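Everything numeric in this text was worked out from a predicted model, so none of it was measured.
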Amino acid sequence: MSRRGTVRLGVPVLVAALLLGGCGTSRSGDLGPAPTAPRTSAAPGSRPAPVPTVAAEPTPPRPPTERPPRPSATASSGTRRPDPVTIELWYVRAGLLVPTRRTRPATVATSRLALTELAAGPSPAEAAIGMTTLLPAGVEVTRIADGVATLRVPSVGDPATRRLRAAQVVWTLTQFPTVRQVRLDGAAAVDRADYADLLPPIVVTGPVPGERVWAPLVVTGTAVVFEATVSVRVLDAAGREVATGFGTASCGSGCRGGYRVVVGWRAVREQQGTVEVYEVSALDGARINMTAVPVVLTAGD
């Protein structure tokens with residue numbers, strides 16, 4: 001074989017050797033730790049560069065101020081967990097109707113849930129201010145058709161108690177859009193207007209007894225008061241006044257209207273408190289028709 005032929009054969013061999021040598025050289029210092037994300041597919045005909053095996057480093061501890069992420073219901077079970085539902089319950093206090101709320105896991109049988117919670121009775125904070133229920137356990141809606149819920153409630157001898165019990169059921173069930181009226185024990189269907197006289201002059205729908213509140217606090221409800229003026233004050237655990245405010249209901253004297261009053265106060269330590277909603281007497285300036293709601297005043301964020 002001639003020398004010229006030997007040189008021609010040696011060039012490809014030399015190039016291949018250089019390429020193989022470059023691939024074998026360690027490049028871990030340039031690449032760093034192995035990527036945690038899945039690799040994408042290489043383009044057709046390309047050759048991926050070899051990646052050295054690197055031991056996985058331990059996950060660094062989460063900073064104390066960072067909240068751990070909530071586990072995903074979709075990832076763990078394959079289905080999305082339903083959002084909770086908040087329902088309104090109407091209990092009895094001093095012979096009149098007063099509202100409160102419960103937040104429970106969502107269900108399609110909201111009327112059954114509402115009656116079950118209504119029969120379960122008030123929370124300790126609600127019971128402490130005289131709230132009670134007259135509905136026995138086991139009462140269920142048997143039918144809802146054309147906006148009318150039908151059910152049977154055990155009878156009681158006292159007419160006033162029987163009417164209050166019916167009012168609890170009617171005001172609780174008619175919060176749902178599918179129920180406009182309620183038929184009790186085969187009688188004619190009734191609605192909220194049939195028991196409007198069982199409401200106190202000032203109804204507080206928020207906050208509810210025992211709720212944790214912070215400034216600014218939004219106080220809501222309905223009222224039928226002089227010149228539609230509703231007053232609010234917030235007391236701390238010692239009974240000291242920490243905030244005051246007033247607002248106007250949507251309807252004046254002689255009719256019931258909704259109100260919304262916002263009050264604020266300086267930061268305080270967490271403690272028991274009271275929200276008082278009342279009417280100022282046009283006669284002598286005294287607080288009348290007061291509704292007191294026990295709450296927990298929080299320091300806020």
Side-chain angles (χ1 to χ4, degrees), residues 82 84-211 220-224 256 258 289 291 293-294:
V85 59
T86 299
I87 56 176
E88 192 175 75
L89 305 176
W90 287 84
Y91 286 130
V92 175
R93 180 184 183 187
L96 297 172
L97 295 177
V98 288
T100 189
R101 294 190 302 270
R102 297 285 188 272
T103 299
R104 296 291 184 263
T107 174
V108 295
T110 51
S111 61
R112 178 182 298 176
L113 173 64
L115 292 179
T116 299
E117 293 292 335
L118 190 64
S123 68
E126 295 161 351
I129 59 173
M131 294 174 65
T132 186
T133 185
L134 303 177
L135 186 71
V139 175
E140 293 185 359
V141 173
T142 58
R143 185 170 182 260
I144 297 179
D146 299 325
V148 179
T150 302
L151 66 160
R152 182 171 298 278
V153 179
S155 180
V156 291
D158 181 28
T161 301
R162 183 166 60 250
R163 189 164 185 263
L164 269 172
R165 176 184 288 181
Q168 280 190 264
V169 172
V170 171
W171 275 78
T172 297
L173 289 182
T174 52
Q175 70 184 287
F176 305 118
T178 56
V179 180
R180 298 188 305 272
Q181 293 180 307
V182 177
R183 178 174 288 112
L184 296 165
D185 304 321
V190 291
D191 58 20
R192 290 189 171 192
D194 292 284
Y195 302 99
D197 60 303
L198 293 178
L199 297 179
I202 297 177
V203 173
V204 180
T205 56
V208 297
E211 185 175 346
T220 59
T222 65
V224 49
R256 182 173 294 274
N289 296 322
T291 297
V293 182

Checklist entry - About how many Å separate OG1 of Thr174 and CD of Glu88, when rounded to the nearest 0.5 Å? => result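 Answer rounded to 0.5 Å: 8.5 Å.
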Applying side-chain hydrogen bond (donor to acceptor under 3.5 Å, both in side chains), can you list everything that pairs with [X], at least two apart in sequence or on another chain?
{"X": "Arg101", "value": "Glu211"}
{"X": "Arg152", "value": "none"}
{"X": "Thr220", "value": "Thr205"}
{"X": "Gln181", "value": "none"}

Checklist entry - What do the steps show when you test Val169 against Leu184 for side-chain contact (heavy atoms from CB on, under 4.5 Å), and what is the final call? => result CA-CA 9 Å; Val169 172; Leu184 296 165; 4.2 Å; yes
Do you know the tightest heavy-atom contact between [X] and [Y]?
{"X": "Pro105", "Y": "Val85", "result": "O-CG1, 3.9 Å"}
{"X": "Pro136", "Y": "Ala119", "result": "O-CB, 3.5 Å"}
{"X": "Glu126", "Y": "Pro209", "result": "CG-CB, 3.8 Å"}

Checklist entry - Taking side chain as C-beta onward, heavy atoms only, is Met131 less than 4.5 Å from Ser123? => result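 No, side chains not in contact.
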Item to check | Asp185 vs Ser155 side-chain heavy atoms within contact, under 4.5 Å | outcome: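 Asp185 vs Ser155: side chains apart.
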Where the side chain of [X] meets the backbone of [Y], is there a donor-acceptor pair that is under 3.5 Å apart?
{"X": "Arg104", "Y": "Ile87", "value": "no"}
{"X": "Gln168", "Y": "Leu134", "value": "yes"}
{"X": "Arg93", "Y": "Ile129", "value": "yes"}
{"X": "Thr100", "Y": "Val208", "value": "no"}
{"X": "Arg162", "Y": "Val156", "value": "yes"}
{"X": "Tyr91", "Y": "Gly121", "value": "yes"}

Next on the checklist: I'd like to check the side chain to side chain contact (heavy atoms under 4.5 Å, CB included) partners of Ser111; sequence neighbours left out, ordered by chain and number.
Outcome noted: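 Ser111 satisfies side chain to side chain contact (heavy atoms under 4.5 Å, CB included) with Val141, Ile144, Leu173 only.
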Next on the checklist: Counting only heavy atoms not in Arg180 (residues, nucleotides, ligands), do more than 12 fall under 6.0 Å from its CZ?
Outcome noted: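 No - once you tally the heavy atoms of other residues, nucleotides and ligands closer than 6.0 Å, there are 12 at most.
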Item to check | Intermediate values then yes/no, side-chain contact (heavy atoms from CB on, under 4.5 Å), Trp90 and Leu199 | outcome: CA-CA 10 Å; Trp90 287 84; Leu199 297 179; 3.7 Å; yes
Next on the checklist: Salt bridge check, Arg163 against Asp197: does any charged N sit closer than 4.0 Å to a carboxylate O?
Outcome noted: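 Counted as a salt bridge, because a side-chain N and a carboxylate O are separated by less than 4.0 Å.
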Checklist entry - Does Asp146 have any salt bridge (Lys or Arg N to Asp or Glu O under 4.0 Å) partners at least two apart in sequence or in another chain, and if so, which? => result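 Salt bridge (Lys or Arg N to Asp or Glu O under 4.0 Å) check on Asp146 returns nothing, list empty.
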Checklist entry - Does the pair Leu115 and Leu151 meet the rule for a side-chain contact (heavy atoms from CB on, under 4.5 Å), with working shown? => result CA-CA 11 Å; Leu115 292 179; Leu151 66 160; 4.0 Å; yes
Checklist entry - For the side-chain contact (heavy atoms from CB on, under 4.5 Å) test, which of Ile202, Val98, Val203 pairs with Thr291? => result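 Among Ile202, Val98, Val203, the one that satisfies the side-chain contact (heavy atoms from CB on, under 4.5 Å) with Thr291 is Ile202.
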